[in-house]
Amino acid sequence: MKTNLISKLNEEEKMLLLEALFNQGYAKEIVGSELSDIEKSDFAAGEEKYRSLSKLFDRL
């Protein structure tokens with residue numbers, strides 16, 4: 001994750017980005033892609049993140 005980019009965005013910009021992702025229907029697709037990337041790489045290193053993303057995916 002590009003945390004340096006995230007820190008450059010103000011709260012309004014973060015909310016606009018999230019709103020756009022949801023409005024365009026990409027939020028679930030992006031979370032699913034992130035899950036797939038974790039599965040293909042070192043799963044053990046990203047296991048906790050994987051669990052959290054899985055719960056988020058189910059909620060979306």
Side-chain angles (χ1 to χ4, degrees):
M1 184 184 305
K2 301 261 182 184
T3 53
N4 59 343
L5 178 59
I6 292 171
S7 65
K8 290 181 182 180
L9 299 175
N10 65 37
E11 290 304 311
E12 181 181 357
E13 292 167 331
K14 290 176 188 176
M15 291 307 297
L16 286 170
L17 176 58
L18 285 172
E19 188 177 314
L21 290 171
F22 283 115
N23 287 344
Q24 295 299 318
Y26 293 125
K28 190 168 188 173
E29 184 176 336
I30 290 170
V31 172
S33 178
E34 186 76 6
L35 287 168
S36 178
D37 288 349
I38 293 171
E39 290 170 353
K40 292 175 186 174
S41 65
D42 186 5
F43 180 79
E47 190 172 353
E48 187 171 331
K49 182 177 180 181
Y50 185 87
R51 277 193 233 117
S52 296
L53 285 170
S54 291
K55 290 177 187 177
L56 175 59
F57 185 85
D58 290 342
R59 292 191 65 201
L60 294 173

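The basis for the numbers below is simple: all heavy atoms, side chains too, and nothing from hydrogens, waters or symmetry mates. Every value quoted in this text rests on a predicted model; they were computed, and no experiment measured them.
Between Val31 and the options Leu53, Asp58, Leu21, a side-chain contact (heavy atoms from CB on, under 4.5 Å) holds for only Leu53.
Classification of Glu11 and Lys14 as a salt-bridged pair holds, one side-chain N sitting under 4.0 Å from a carboxylate O.
Evaluation of the side chain to side chain contact (heavy atoms under 4.5 Å, CB included) rule for Glu39 yields Tyr50 as partners, not counting sequence neighbours. Among residues two or more places apart in sequence or in another chain, the salt bridge (charged side-chain N to carboxylate O under 4.0 Å, His left out) test is passed with Arg59 by none.
A single hydrophobic cluster is seen to contain both Leu60 and Leu35, as judged by linkage of ILVMFWY side chains at heavy-atom distances under 4.5 Å, directly or through other members.
Atom CZ of Phe57 sits about 12.0 Å away from atom CD1 of Ile30, to the nearest 0.5 Å.
Listed by first and then second residue, the side chain to side chain donor-acceptor pair (under 3.5 Å) pairs that reach into residues 15-32 come to none, sequence neighbours excluded.
When all heavy atoms of Glu12 and Asn10 are compared, the pair lying nearest together is N-OD1, 3.0 Å.
In this structure, the side chains of Glu34 and Lys49 come closer than 4.5 Å at one or more pairs of heavy atoms.
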